Amino acid sequence: MNTPLLSDDPDDPDALHDPDDRILKTLRTRRRGPVLTVELNVPERGNVVDEAMLDDLLSVLDEQDPSVRVLVLTAAGQDFCLGGDREEFAGHLAQDPTGNGIRVSGVKARRVCDALTSHPAVTIARVQGRAVGAGFALALACDLRVGADTATFRLPELALGLPTAWGGLLPRLISEVGAASVREFILTGRPLTAQEALGLSVLQRVVPEDALDAAVDKWARPLLRRSPPAVRVTKTLLNSLTASTRLADASVLDPELMAAVASEVHHMRTPR
């Protein structure tokens with residue numbers, strides 16, 4: 001499991017002890033002192049986001065243990081996350097062509113991304129391989145984002161006949177990156193390289209893949225030395241000021257938009 005390389009030396013004041021591991025259906029978590037690592041753990045499926053993963057993420061993020069001061073979101077395998085589960089998506093439509101299952105899933109997705117953004121701990125995304133669609137959104141919801149120099153980011157929703165409406169991604173993306181750049185890579189669907197992502201502030205650091213843990217560690221160590229109340233209040237202020245620049249956050253409509261478009265496309269493709 002990928003974890004920050006924090007020392008276990010008892011003479012090191014930054015050392016973390018008493019690791020606490022948990023295995024959920026789609027995640028593995030490891031607690032080392034004030035650092036909680038949450039690993040997407042379905043590598044054989046590219047860590048696609050399905051209902052089970054959303055439920056597992058909510059169960060972990062909603063705990064909000066105040067003693068957790070750094071939360072690292074990482075993933076097993078070659079890719080960070082290849083997006084939403086298309087088979088489950090199609091199953092929702094087959095079961096209810098009006099899209100109600102997609103609405104339910106969309107609400108959970110927004111809750112997960114909001115929980116990452118508003119979590120009292122500083123959240124760090126550790127990205128390797130591909131971050132596609134929902135995976136892009138999960139990484140972007142974190143405070144700090146480091147990626148391998150081979151990482152790529154892509155939003156393929158338009159090519160799939162869907163709007164870019166998952167987890168409140170679009171307003172976050174425009175706020176972090178800027179509307180002109182977002183418009184270009186959403187409409188074209190082209191992938192962003194790690195260096196492009198760095199230039200657009202999708203990532204704040206790019207390192208060789210074997211240096212990802214050290215990069216996370218370099219951020220975590222000074223954070224653990226800061227006053228916890230000061231960090232929490234500063235993060236709250238940053239989130240508040242960022243949200244105020246979005247003018248009108250229409251991402252509350254994401255589940256409805258996704259369900260409406262998916263239902264219409266399903267209806268058009270269904271033989272009569």
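For the single chain, residues carry numbers from 1 onward in sequence order. Treat the numbers as computed from the prediction; the structure is a model and nothing was measured.
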Mind listing the closest non-hydrogen atom pair of [X] and [Y] along with its distance?
X	Y	answer
Leu138	Val112	CD2-CG1, 3.7 Å
Ala139	Val127	CB-CG2, 4.0 Å
Ala121	Leu71	CB-N, 4.1 Å
Val49	Trp166	CG1-CZ2, 3.8 Å
Ser181	Leu200	OG-CD2, 3.5 Å
Lys235	His119	NZ-O, 2.7 Å

Backbone N or O of [Y] within a donor-acceptor pair of the [X] side chain at under 3.5 Å?
X	Y	value
Ser105	Ile102	no
Asn41	Thr26	no
Gln95	His92	no
Thr242	Leu238	yes
Ser175	Pro171	no
Asn47	Ala76	yes

Same cluster or not: [X] versus [Y], using hydrophobic residues (I, L, V, M, F, W, Y) connected whenever any side-chain heavy atoms lie under 4.5 Å apart?
X	Y	answer
Trp219	Val35	yes
Val202	Val132	no
Leu155	Leu192	yes
Leu58	Val42	yes
Val70	Val233	no

* **Basic-acidic side-chain contact under 4.0 Å: Asp79, Arg130** =>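 Between Arg130 and Asp79 there is a salt bridge, with a charged N closer than 4.0 Å to a carboxylate O.
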* Should Asp85 and Arg45 count as an ion pair when the cut-off is N to O under 4.0 Å? ->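 Yes, this pair counts.
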From [X] atom [atom1] to [Y] atom [atom2], the distance as rounded to the nearest 0.5 Å:
X	Y	atom1	atom2	answer
Gln204	Leu144	CD	CG	5.0 Å
Arg183	Leu173	CZ	CG	12.0 Å
Ile23	Asp56	CD1	CG	12.0 Å
Leu140	Phe153	CG	CZ	8.5 Å
Lys108	Met53	NZ	CE	13.5 Å

* Could you go step by step and tell me if Arg31 and Ser67 meet the side chain to side chain donor-acceptor pair (under 3.5 Å) rule? -> CA-CA 11 Å; Arg31 174 74 184 272; Ser67 65; 2.7 Å; yes
* Asked: Hey, mind stepping through Lys25 and Glu51 against salt bridge (Lys or Arg N to Asp or Glu O under 4.0 Å) and telling me if it holds?
  -> CA-CA 11 Å; Lys25 186 174 181 180; Glu51 290 278 343; over 6 Å; no
Is there a side-chain contact between [X] and [Y] in this structure, where contact means two heavy atoms from C-beta onward sitting under 4.5 Å apart?
X	Y	value
Leu116	Asp143	no
Val68	Pro34	no
Val206	Leu203	yes
Leu170	Ile174	yes
Arg103	Asn100	yes
Arg69	Leu224	yes
Arg145	Arg205	no
Cys113	Arg110	no

* Asked: Which one of Arg126, Arg30, Arg28, Arg22 satisfies the salt bridge (charged side-chain N to carboxylate O under 4.0 Å, His left out) criterion with Glu39?
  ->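 So the option named by the test is Arg28.
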Can you confirm whether [X] is buried at [atom1], in the sense that more than 12 heavy atoms of other residues, nucleotides or ligands lie under 6.0 Å from that atom?
X	atom1	answer
Glu176	CD	yes
Glu44	CD	yes
Glu63	CD	yes
Arg190	CZ	yes

* Asked: Does the side chain of Arg172 pick up a donor-acceptor pair with the side chain of Thr117 at under 3.5 Å?
  ->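 Yes, a side-chain donor-acceptor pair sits under 3.5 Å.
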* To do: Could you point out which residue of Asp65, Leu27, Asp55 forms a side-chain contact (heavy atoms from CB on, under 4.5 Å) with Val60?
  =>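 In the set Asp65, Leu27, Asp55, the residue that makes a side-chain contact (heavy atoms from CB on, under 4.5 Å) with Val60 is Leu27.
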* To do: Classify the angle between the aromatic ring planes of Phe136 and Phe185 as parallel (below 30°), tilted (30 to 60°) or perpendicular (above 60°).
  =>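 Geometry flag for Phe185 against Phe136: parallel rings.
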